[in-house]
Structure formats: structure tokens, C-alpha cells
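Before any comments, here is the structure.
The chain is numbered in sequence order, starting from 1.
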Amino acid sequence: MKIGVFTPTFNRPDCARNLVLQMAQQQLQPNVLAIHQNGSPHSYEWAVADLRTAFPIRWLHTPTKIPQDQWYSVPLAQLLDEQCTHFFWCDHDDIYLSHHLDHGMRQLADGADFAVNSHCGLLKLAANRYDFTANTRFTSHAPGGMSSSMCFNRPFALQLMQDLSENRGAHNYSDEVVRHITMPRFNAVVADTSPEPSTIYVSHRASLTSSSWPMDEVPPISEFQRPLLDKPWSAVELDTRLMAHIGHVGDVCSVGAPAIHGQGDSRLGIQGLSIAAPGDGIGYQVRLADGQWTDWHTGANFAGTRNRSASLTGVAVCLSEALRAQWTLTLVADFARERSLRWAGDGEPCVARNPGGALLGLQLVMREV
């Protein structure tokens, strides 16, 4: 058995060094690491030259810009020449927990020719802030999981090498070649890593897949605490309070009107909420990102999710019999990519017109009978 790890690198000597350090901390050590710097004339092998690792580092330098599939085929060829039997596809800017190689090898030992992680952590880096989700289902890459978590055996690697060499621009990205050409020929699995992810995908401004995910600027909390409606409301007399957990922001509590004002950006979607009212007099349920409704909640108990980057797609509220004798209730909601607000009565579901539309804002309008 000989384990090879390979990665491309471009303009980030810090990331290249960090990947070497991560591999050096793996519970199961690789036998060789191939790093392929490409697209710039000056080598930054110096970034790793002082590191003393139990495995050799093969620094490969292509000074010109090359097609994306060659970013990976060059170091993969190096590992094939060195007679590696098992291969780990990495990206220099992601995070690999110490059990990553061990987890991948167990998947391959169970009979898979190829495995990719279904779940991972998600770290979004912006200029002056970050957002971290510990465990999320990753579907943004072609192979059905986080592509930089892929591992495979030698027969798969040999076929992939041929498929990449024959691609010639037919697929824009190397992992699309993996998904559409190589995977169907083998026993390829999307490994369920939801119990314990072994990788963290890092999203930043230079990411190919996710450059638009991080947010450099987030509106101040006070912008979310404005009412959705200019019309009078009387819920303050009832002492109703709304709390929403908002992507990239965190928990936001209403001030005055029980309202959260959407900011028009689906990345700032409401992921969960709670409502506090006297005598637990307001019940509420939410529709999750997968379309499933939660049970009814009362008493400021949280409904929804945190740290999963999954916005709500619907909400319903209702009054208790005691409050219904004194008040009427209307729910107003703001969903992403919709030109007008949505309205719903007491107990009626309020959902996005567009499938999967994120809930951005809502307001409870209560009037005395």
C-alpha cells in the first residue's frame, strides 16, 4: 500500500505550506505529497522547503497558465509514476481534519473504488469576518459531495488520467470529468460523513465554486429590526417579541413591532425563529429548506436550524383560543426573489412562490377585535 496526496496551488504559498502541515498531522500519514504550482513564473517551493516531514514532497512547477484539468493531471501522473496504490485529491485552501486520510482509506477498504464526502464543515471568509457551519450537506460540486475530499484506488486513477487527457475542454472542470466520465465506470460512493465530517470547505473571494458566498459587508442589526410595513400595528401592547436566526448575522430580536426586515439577499435568510407572547398565546411552525414542516412551537422555543446554512422556506402562526377572542392576527412575509410581500391569516401557511425561496423577513400584524 502506498498513499499519495496531490493538490494544485496558485498564488498562495501560505496555503501550500498549510496543506503540508495538515498532512503531517494526519493519523494515517501519506507516503508522498505532490504539489503542482502553475500559472506563475516564480516558484514558491521555498514556502515548504524548511519542513521536515515523514513523507517526501514533490514540488512540480508549471510557469504558464494551463487548462484546469491539467492542474490535477500533472501531480496525479507523478503519483502514478511513483507506483502509488491509493490517491487523495486535495485543494490547497481547504481544511483537512486529522482523521481524513484514515476515513478515506476505510471507505476504499470496504470495496469502493472511489469515495467522496457527503458532509463537511463550511468556512466562509470575508475581509473582516467569517461564518462557520460545523456540518452541512455539500452539493455544490459535480461528484455529489465535496470534490476536494475525493479518494480512489489505482485502477480508478489510471482511468481518470486517461479521461483527463482526452477531455480537451469538453468539461470545464476536472471534477466534472470525474463525475460524468470516470465515476460511472467504477464502484463510486458518496460516503455518509454526516456523523463526523473529516473536511472543511473554505469559501473565499478567489474560490472557483464559491467566490460569491462570503459577505464582506453585513447590514447593521438595526436594519433588520425595522418593520416591514408602514401601517400601524398594535402588538406592542401585547408584548410580543420575535427572534430570528439570520445567515451571516446570528440571532436578531425585534424592537417595537414583532418584525424582522429582510435585506433582499438570500444569503441573509432566516434559518430559524421563536416568538414570545404572554401566556404562550402564539403558536408557530416553520418549513425547512427541504420542504418539511416542523411541529408547532410555543413559549419562545426555537424552530428551525442553526449552523447549517439552510434558510426557512415557509412559516405559519396562530393565536390561542384566549387571544383569538381579543385579537386578530395577520402574518406578512418577505421571500427572496419575490416582488411583493406574502400575506397569511391566523393558522394559514405562508410559503415562497418560488421553490426553495429563502424567508428574509416577516411581521406579525395584530389588531384588537
Is [X] salt-bridged to [Y], going by a charged N under 4.0 Å from an acidic O?
{"X": "R12", "Y": "D91", "result": "no"}
{"X": "R106", "Y": "D110", "result": "no"}
{"X": "R324", "Y": "E321", "result": "yes"}

Whether Y72 and F6 hold their rings parallel, tilted or perpendicular, with breakpoints at 30° and 60°: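 Y72 vs F6 ring planes: perpendicular.
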Using only atom types and a distance under 3.5 Å, with no angle test, would you say the side chain of [X] pairs donor to acceptor with the backbone of [Y]?
{"X": "Q27", "Y": "D102", "answer": "no"}
{"X": "N167", "Y": "V177", "answer": "no"}
{"X": "R241", "Y": "S254", "answer": "no"}
{"X": "Q78", "Y": "I35", "answer": "no"}
{"X": "H61", "Y": "S40", "answer": "yes"}
{"X": "T240", "Y": "A277", "answer": "no"}
{"X": "Q363", "Y": "L331", "answer": "no"}
{"X": "Q162", "Y": "A157", "answer": "no"}
{"X": "R342", "Y": "C350", "answer": "no"}
{"X": "T298", "Y": "G283", "answer": "no"}

Derivation of the side-chain hydrogen bond (donor to acceptor under 3.5 Å, both in side chains) call for H100 and S149: CA-CA 8 Å; H100 175 61; S149 71; 6.0 Å; no
Tell me whether [X] shares a hydrophobic cluster with [Y], the cluster being built from Ile, Leu, Val, Met, Phe, Trp, Tyr side chains joined at under 4.5 Å.
{"X": "V20", "Y": "V32", "result": "no"}
{"X": "M150", "Y": "M23", "result": "no"}
{"X": "I282", "Y": "V286", "result": "yes"}
{"X": "L242", "Y": "V249", "result": "yes"}
{"X": "V5", "Y": "M146", "result": "no"}

Over 12 non-hydrogen atoms of neighbours within 6.0 angstrom of CG in D295: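 Result for CG/D295: open.
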Heavy atoms from other residues, nucleotides or ligands near OH of Y130 exceed 12 (cutoff 6.0 Å):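 12 or below, so no.
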With sequence neighbours excluded, residues passing ring-ring contact (aromatic ring centres under 6.0 Å, His included) with F186: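 F186 satisfies ring-ring contact (aromatic ring centres under 6.0 Å, His included) with F156 once adjacent residues are dropped.
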ring-ring contact (aromatic ring centres under 6.0 Å, His included) involving H171 - partner list, sequence neighbours excluded: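 With neighbours one apart ignored, the set is H180.
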Intermediate values then yes/no, side chain to side chain contact (heavy atoms under 4.5 Å, CB included), N117 and H103: CA-CA 10 Å; N117 287 2; H103 171 269; 3.6 Å; yes
Ring-ring centroid check W59 Y44, cutoff 6.0 Å: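 Ring-ring flag for W59/Y44: true, centres closer than 6.0 Å.
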Check: Y284 ring centroid to W296 ring centroid under 6.0 Å: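 Ring centroids of Y284 and W296 are no less than 6.0 Å from each other.
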Exercise: identify the closest heavy-atom pair between A276 and A300: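 Distance-wise, the nearest heavy atoms are CB-CB, 3.9 Å.
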Closest non-hydrogen atom pair between A289 and A310, with its separation: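 Taking every non-hydrogen atom into account, CB-CB, 3.9 Å.
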Worked check of side chain to side chain contact (heavy atoms under 4.5 Å, CB included) between R154 and Q83: CA-CA 9 Å; R154 185 173 180 85; Q83 301 304 309; 3.6 Å; yes
side-chain hydrogen bond (donor to acceptor under 3.5 Å, both in side chains) evaluation trace for Q68 with S174: CA-CA 7 Å; Q68 203 260 0; S174 300; 2.9 Å; yes
Classify the side-chain pair [X]/[Y] by whether it contains a donor and acceptor separated by less than 3.5 Å.
{"X": "D251", "Y": "H245", "result": "yes"}
{"X": "T136", "Y": "S309", "result": "no"}
{"X": "R287", "Y": "T313", "result": "yes"}

Side chain to side chain contact (heavy atoms under 4.5 Å, CB included) evaluation trace for H119 with D192: CA-CA 7 Å; H119 289 67; D192 181 12; 4.1 Å; yes
Test item: E166 and R168 side chains (from C-beta on) under 4.5 Å apart, heavy atoms: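 Side-chain contact under 4.5 Å: yes.
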N31 vs C84, side chain to side chain contact (heavy atoms under 4.5 Å, CB included): CA-CA, chis, key distance, verdict: CA-CA 8 Å; N31 297 103; C84 288; 5.9 Å; no
Reference residue F87; test side-chain contact (heavy atoms from CB on, under 4.5 Å); the match among L79, I3, L108: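 Of all the options given, the one that passes is L79.
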side-chain hydrogen bond (donor to acceptor under 3.5 Å, both in side chains) assessment of T199 paired with D94: CA-CA 8 Å; T199 55; D94 289 326; over 6 Å; no
Test salt bridge (Lys or Arg N to Asp or Glu O under 4.0 Å) applied to D113 and R185, step by step: CA-CA 10 Å; D113 298 308; R185 305 171 189 255; over 6 Å; no
